[in-house]
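This report concerns only the one structure given below.
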Amino acid sequence: MKSLLSFFNSVKLAIFLLVIITLVSILGSFIPQHRNLDEYVARYGQFAHLLNQLQLTKLYQSSWFIALLCLFSLNIIVCTITRLAPKLRKAFHPKLEMEAKEIIALKIKEKFKKNIGLDAAKKELKKELRSRHYRLKEAERENKTFILARKKIMGRFGADVVHIGILIILAGGIISGAGGIRKNLIFSEGKVLGIREAEFKLRLDKFETEYYPNGSVRDWKSTLTVIENEKPILSKVIEVNHPLSYKGFVFYQSNYGWNWTNTSVGIRVRKRKDPSFLRKIEMKVGQRVSLEGENIHISVMHFIPDFIINDRNEVTSRSLQPNNPAAFIEGWEGDEKIISGWIFSKFPDFARIHSEKESDLVFELKNFKADQFSVIQAAKDPGVSFVWAGCAFLMIGLALAFYWPSREIKVILEESQGKTEVIAGGIAYKSREGLQSEFEKIMTSLRRSR
Amino acid sequence: MNEQLLFLATFILYIISAFYYFAFLFSKRENLARIGFSFASAGLLIHTIALVLRTFESGHAPFTNMYESLSFLAWSSILAYIIIELKYKIRRAGPYFLLIVIALMALASSPLMPKEATPLIPALQSYWLWLHVSVTLFGEAFFAVAFITSIMHLVADSKKRIRIKSGLSPEKLDSVSYRCIAIGFPLFTLGGLVFGMIWAYYAWGRYWGWDPKETWSLITWFVFALYLHTRIIMGWKGRRSAYVAIIGFLAALFTYFGVNYVLAGLHSYA
């Protein structure tokens, strides 16, 4: 037990673990995480299975990485506790009756005799120290007076506060991982969805995409209503960076898309030789509409949001985004198919229309309408408040450690034959140069005083 | 006034500053370094105006694409250098540091970096953009100063062994490196990690997701944590400390640059 404790009490172990965790994190950043096995096979060939077995494909969630973090936490806990107890004792119950040789051994020190009595010297010294914001403790023994002057004591605990902060953040991470709920809710407008773990439901009232004048997306906005016991409780428009919080759940605008199964299309028909001819038709995919004043029926057989011809020469959609919308249309004269082909909304001149008969009809895909859906991420993360608390500790600790330099000045005053011998020394917990000059100033003013 | 024109003026001022600093380095005339410092300060002033103008022209924080963020990093670096120079008098580091700044400015003005201000994508529309990016890059600027003083330490230290005296003592360079990291580390922790986590929580719904940029900022943080622990607890100083500081800056550089081009992730905008 004792050897185990001393194992975890070592700074060398901390540094070793820090190096290992760093190297492992680097490794993990170069292996794509959480992909399909197929993707790894395509990338790494026969090593894919090995990667999978070593959990390198989900490295940061792997049992051995978590074990490493646990070891590291244990290391921090033991190091902090064993160092903290004596530090606290020293800070709050300091030993006042120090030996002259302890002070002489310090790097910042001075020893001189002053031609005034002990009380006068003491008064002068205390005034000088107080004016520099030192807090004083005093003890007397025989004919000696011991003065311990300290300031910014909290600065000594900066590193400990940082370490406690890190432990709280890690604890928050464990709580998030173990008790967190995260799921995607796919809403179309008007739909009500419940979450198993919550006693309320959520309705999407409206979803809209806002665009900048140049056509790029400005924002996605979903109007959500919380429904509890069949009654609407509150409504909020959420957008990226502005989630809705309700009863421990947070709802984020996470994604969006189109449901292309029920698309309607707007087509314009013109005639090459007759500029005044223009017919607009609106129809759903699969419908057949007659072209007014012409002996012809038009139907839209397929709609593809992101048209591409793949390497097997098949027409397919590259994505579900309307990057290159295309419609396959047919024109019928009675029972005879006379026209068929693809038209593209972004490339009207690129239409591939195949005509059986002489025809000067020109088709343009003008618009399309499909139901949009909004993907809302519902998350319940009980670890999050721990993480924020840990972050606060972390930053306070860093500020203390770097910018709250603790200083300590120890003085022994001893009277003999009307003179006072002064033995003084200083301990700087950060920045010795700063204390050195302050110490010298204090001693100089004490020497000059009368 | 045009932002691009001011950017160019800034670039020229930095080049003139570097010229004077190098002249100082070779001639050892102190007043040349002072002129170099004045040009760098003038550059900082014009650069500040350029960034403010950019903010008004684009209507958002001036670090949403690579051009903007490089320009902002150059600005932070000059500011960091001026602060350190005023505090610790490290003139001889000036010429080398200005080379870094000029490299950043040159990269920013390269034709590979699109310069037009584009409207903000939804994920970036947040005041955390200001806090997260500016504090992080300012912290990294101090790592850059520590990088230069650490390299200078290594050179000065090896010269000392063959007994050639140079301007700045290796001990002073070592101590300035530490001071820079003592400023940069809390800033980087606050901007890069803490603000980053808070923003990620609001924008993406989780505070940490091992995205390559997140992972690499943690790696950078680990390296500087190692620097502090080996130095303060194990008493490393000088060469060994300088190596850790150099590795730390390279990690920060990879987090800033490399991740965007080598590793794909959520942070792909800048």
Side-chain angles (χ1 to χ4, degrees), chain A residues 11-12 14-15 18-19 21-23 25-26 28-30 32-34 59-61 159 162 166 169 172-173 176 180 182 210 212-214 216-221 239-243 250-254 377-379 381 383-384 387-388 390-392 394-395 398-399 401-403 430-431 433, chain B residues 116 118-129 175 179 181-183 185-190 193-195 197-199 201-216 218-223 225-226 228-230 232-234 247 251 254-255 258-259 262-265:
Chain A
V11 176
K12 286 207 174 106
I15 285 172
L18 204 52
V19 170
I21 292 172
T22 307
L23 294 177
S25 302
I26 293 174
S29 76
F30 283 98
Q33 299 284 303
H34 297 284
L59 188 150
Y60 304 110
Q61 288 76 27
V162 168
I166 291 169
I169 292 173
S176 294
R182 199 171 297 274
E210 287 179 0
Y212 288 110
N214 74 353
S216 61
V217 172
R218 181 208 284 274
D219 217 338
W220 297 285
K221 289 184 172 171
E239 55 192 286
V240 183
N241 275 312
H242 299 281
V250 188
F251 298 96
Y252 300 89
Q253 181 68 54
S254 142
Q377 187 196 111
D381 193 336
V384 110
V387 173
W388 301 154
C391 286
L394 179 65
M395 289 321 302
L398 284 175
F402 288 112
Y403 299 104
K430 278 270 146 62
S431 162
E433 298 88 340
Chain B
E116 350 34 283
T118 47
L120 279 188
I121 62 163
L124 292 182
Q125 293 164 21
S126 167
Y127 53 84
W128 287 108
L129 172 65
S175 134
R179 295 296 155 89
I181 289 166
I183 301 171
F185 187 70
L187 285 174
F188 182 78
T189 310
L190 182 69
L193 297 176
V194 175
F195 288 168
M197 283 201 284
I198 299 175
W199 189 11
Y201 179 70
Y202 283 107
W204 299 326
R206 84 288 182 292
Y207 53 84
W208 193 264
W210 297 104
D211 171 78
K213 198 113 178 168
E214 291 172 349
T215 307
W216 269 94
L218 186 66
I219 290 164
T220 306
W221 194 80
F222 280 158
V223 177
L226 275 168
L228 295 169
H229 284 86
T230 50
I232 294 165
I233 298 167
M234 291 172 66
I247 293 170
F254 188 76
T255 310
V259 171
V262 181
L263 308 167

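Heavy-atom basis, side chains included; hydrogens, waters and symmetry copies ignored. Convention: sequence-line order gives letters A, B, ...; per-chain numbering from 1. Note that the structure is predicted; figures quoted are calculated from it, not measured.
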Inset, instruction - Select one option (side chain, backbone, both, neither) describing which atoms of B/L228 are under 4.5 Å from chain A's heavy atoms. - result: side chain
Legend entry - Part of A/K221 lying under 4.5 Å from any heavy atom of chain B: neither
Inset, instruction - Could you label the plane-to-plane angle of the B/W216 and A/F30 rings as parallel, tilted or perpendicular, counting under 30° as parallel and over 60° as perpendicular? - result: perpendicular
Inset, instruction - Would you sort out whether B/T255 and B/T220 count as a side chain to side chain donor-acceptor pair (under 3.5 Å), showing the intermediate values? - result: CA-CA 8 Å; B/T255 310; B/T220 306; 2.9 Å; yes
Legend entry - Minimum heavy-atom distance between A/Y60 and A/G28, given as atom pair plus value: OH-C, 3.2 Å
Legend entry - Per-residue contact mode, B/L190 against chain A (heavy atom under 4.5 angstrom): both
Legend entry - A/F402 backbone acceptor or donor facing A/K430 side chain under 3.5 Å: no
Legend entry - Contact class of B/M197 relative to chain A, heavy atoms under 4.5 angstrom: both
Inset, instruction - For residues B/T215 and A/S29, report the shortest heavy-atom separation together with the two atoms involved. - result: CG2-CB, 4.3 Å
Inset, instruction - With a 4.5 angstrom heavy-atom cut-off, could you sort out which part of B/L120 is near chain A: side chain, backbone, both or neither? - result: both
Inset, instruction - Below 4.5 Å from any heavy atom of chain B, which atoms of A/L394 appear? Answer side chain, backbone, both or neither. - result: side chain
Legend entry - Portion of A/V11 that has a non-hydrogen atom of chain B nearer than 4.5 angstrom: side chain
Legend entry - Option that, when pairs with chain B are counted at under 4.5 Å, heavy atom only, ranks first among A/I26, A/V19, A/D381, A/V250: A/I26
Legend entry - Which portion of B/W208 sits near chain A, non-hydrogen atoms under 4.5 angstrom: neither
Legend entry - Least distance between heavy atoms, B/A123 atom then A/V240 atom: CA-CG1, 3.6 Å
Legend entry - Distance in Å, B/F188 CZ paired with A/L398 CG, rounded so as to fall on 0.5 Å steps: 12.5 Å
Legend entry - Interface moiety of B/F254 toward chain A, non-hydrogen atoms closer than 4.5 Å: side chain
Legend entry - Pick from A/A399, A/S254, A/A379, A/S176 with the largest number of heavy-atom pairs that fall under 4.5 Å of chain B: A/S176
Legend entry - Residue among A/E210, A/K12, A/R182, A/Q253 with most heavy-atom pairs under 4.5 Å to chain B: A/R182
Inset, instruction - State, yes or no, whether a side-chain contact exists between B/R206 and A/Q377 at a heavy-atom distance under 4.5 Å. - result: no
Legend entry - Part of A/Q61 within contact of chain B (heavy atom distance under 4.5 Å): side chain
Legend entry - Interchain contact, A/S216 with chain B, by part (heavy-atom threshold 4.5 Å): side chain
Legend entry - Region of A/D219 in contact with chain B, defined by heavy-atom distances below 4.5 Å: both
Legend entry - Which atoms of A/Y403 approach chain B - backbone, side chain, both or neither, heavy atom under 4.5 Å: side chain
Legend entry - Heavy-atom contact with chain A under 4.5 Å, split by part of B/T230: both
Inset, instruction - Verify the ring-centre separation between A/Y252 and B/W204: is it less than 6.0 angstrom? - result: no
Legend entry - Check: A/N241 and B/P122 side chains under 4.5 Å, non-hydrogen atoms: no
Legend entry - Any side-chain heavy-atom pair of B/Y202 and B/S126 under 4.5 Å: no
Inset, instruction - Counting only heavy atoms closer than 4.5 Å, note whether A/V384 contacts chain B via side chain, backbone, both or neither. - result: both
